[in-house]
Amino acid sequence: QKEVEQNSGPLSVPEGAIASLNCTYSDRGSQSFFWYRQYSGKSPELIMFIYSNGDKEDGRFTAQLNKASQYVSLLIRDSQPSDSATYLCAVRGGSGYALNFGKGTSLLVTP
Amino acid sequence: GAGVSQTPSNKVTEKGKYVELRCDPISGHTALYWYRQSLGQGPEFLIYFQGTGAADDSGLPNDRFFAVRPEGSVSTLKIQRTERGDSAVYLCASSPGLEGETQYFGPGTRLLVL
């Protein structure tokens with residue numbers, strides 16, 4: 001069973017702080033890693049993808065990948081109340097096209 | 001341009017009935033995926049199409065579930081003899097078709113089996 005694990009939260013951070021969301025995966029052959037944001041009652045919306053070890057920054061978002069530790073994270077700087085949502089980590093394995101999702105981490109940014 | 005569209009947005013049916021869920025992918029996207037999301041869970045893969053053919057149907061839970069994409073564009077997910085446990089949000093996604101390309105999700109169809 002190829003697993004993607006996330007802490008379900010809720011993770012509560014004050015407005016303006018850095019939110020750190022973490023994800024571990026079991027399939028060492030995994031190639032591609034995605035972070036999706038999902039507002040309540042809505043469909044997943046892509047935030048970032050990362051393929052290589054290290055950091056990738058896009059605006060207030062930074063994705064970090066460590067394949068040796070099988071760990072991927074998402075940092076949200078200057079968190080805003082509008083960032084309050086569930087964040088889904090998704091992993092594409094080495095032998096398929098499907099995404100394997102974690103259960104998601106609920107983030108609450110308090111004003 | 002238009003995103004992935006799905007119809008109906010909501011479907012209520014009775015146990016034992018047959019349902020069809022439709023997905024219209026982003027124009028030009030050759031890859032299409034179906035996922036199912038239950039409350040409090042992440043999306044769960046069902047089936048993947050590359051063009052007209054089902055390249056991977058390993059996620060279909062049983063033979064009551066079937067999907068087609070006859071012309072390589074619109075896809076229909078068909079569920080026979082629905083059960084209460086089939087109640088979920090059925091999500092469709094599409095991508096340009098290359099490995100590792102981002103999947104873009106539609107709004108989903110909320111299926112409730114009474």
Side-chain angles (χ1 to χ4, degrees), chain A residues 1-10 21 23-27 29-52 56 58 61 63 65 67 72 74 85-106, chain B residues 3-7 9-10 21 23-26 29-51 53-61 67 88-112:
Chain A
Q1 179 75 15
K2 298 174 182 177
E3 296 183 347
V4 177
E5 300 286 347
Q6 295 182 257
N7 188 322
S8 62
L21 304 162
C23 171
T24 59
Y25 59 94
S26 63
D27 181 6
S30 297
Q31 299 289 331
S32 311
F33 307 86
F34 302 83
W35 283 100
Y36 284 85
R37 177 175 62 195
Q38 188 172 31
Y39 292 111
S40 181
K42 302 296 185 181
S43 61
E45 170 193 14
L46 179 75
I47 297 175
M48 291 189 70
F49 59 86
I50 186 167
Y51 301 150
S52 304
K56 179 181 179 183
D58 184 0
F61 300 95
L65 175 62
K67 289 187 178 180
V72 59
L74 179 70
T86 295
Y87 289 79
L88 296 164
C89 173
V91 177
R92 187 180 74 81
S95 60
Y97 304 91
L99 292 179
N100 191 10
F101 283 85
K103 292 184 178 181
T105 297
S106 175
Chain B
V4 178
S5 62
Q6 293 186 245
T7 55
S9 54
N10 292 279
L21 311 179
C23 172
D24 200 341
I26 293 171
H29 280 192
T30 60
L32 185 148
Y33 309 79
W34 284 99
Y35 293 84
R36 176 170 71 173
Q37 187 174 24
S38 300
L39 195 62
Q41 304 294 315
E44 174 192 20
F45 169 72
L46 296 177
I47 186 169
Y48 156 63
F49 288 90
Q50 180 59 251
D56 182 357
D57 65 357
S58 62
L60 295 177
V89 176
Y90 288 81
L91 293 164
C92 177
S94 71
S95 73
L98 301 175
E99 287 192 29
E101 286 286 345
T102 301
Q103 296 179 24
Y104 298 91
F105 283 84
T109 293
R110 286 161 181 73
L111 175 65
L112 178 60

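Letters go in sequence order (proteins before strands), and every chain restarts at 1.
- No other option in B/Pro43, B/Gly42, B/Gly108 has as many heavy-atom pairs under 4.5 Å with chain A as B/Pro43.
- Contacts of A/Glu45 with chain B are absent, with no heavy-atom separation under 4.5 Å from either backbone or side chain.
- A/Phe34 contributes atom CZ, which lies 7.0 Å from atom CD of B/Gln103 (distance to the nearest 0.5 angstrom).
- Taking the side chain to side chain contact (heavy atoms under 4.5 Å, CB included) definition, one finds that B/Ser38 meets it with B/Gln41, B/Ala88, sequence neighbours left out.
- Interface remark: B/Glu44 contributes no atoms to any contact with chain A (heavy atom separation under 4.5 Å).
- Within 6.0 Å of atom OH in B/Tyr104, 12 or fewer heavy atoms from other residues, nucleotides or ligands are found, so the atom counts as exposed in its surroundings.
- The residue among A/Ser106, A/Ala98, A/Gly102 with the most heavy atom pairs within less than 4.5 Å of chain B is A/Ala98.
- Looking at heavy atoms from C-beta onward, A/Leu99 lies out of side-chain contact with B/Tyr33 at the 4.5 angstrom threshold.
- A/Lys103 NZ: 12 or fewer foreign heavy atoms inside a 6.0 Å radius.
- In this structure, A/Ser43 and B/Phe105 approach most closely via the heavy-atom pair OG-O, 4.2 Å.
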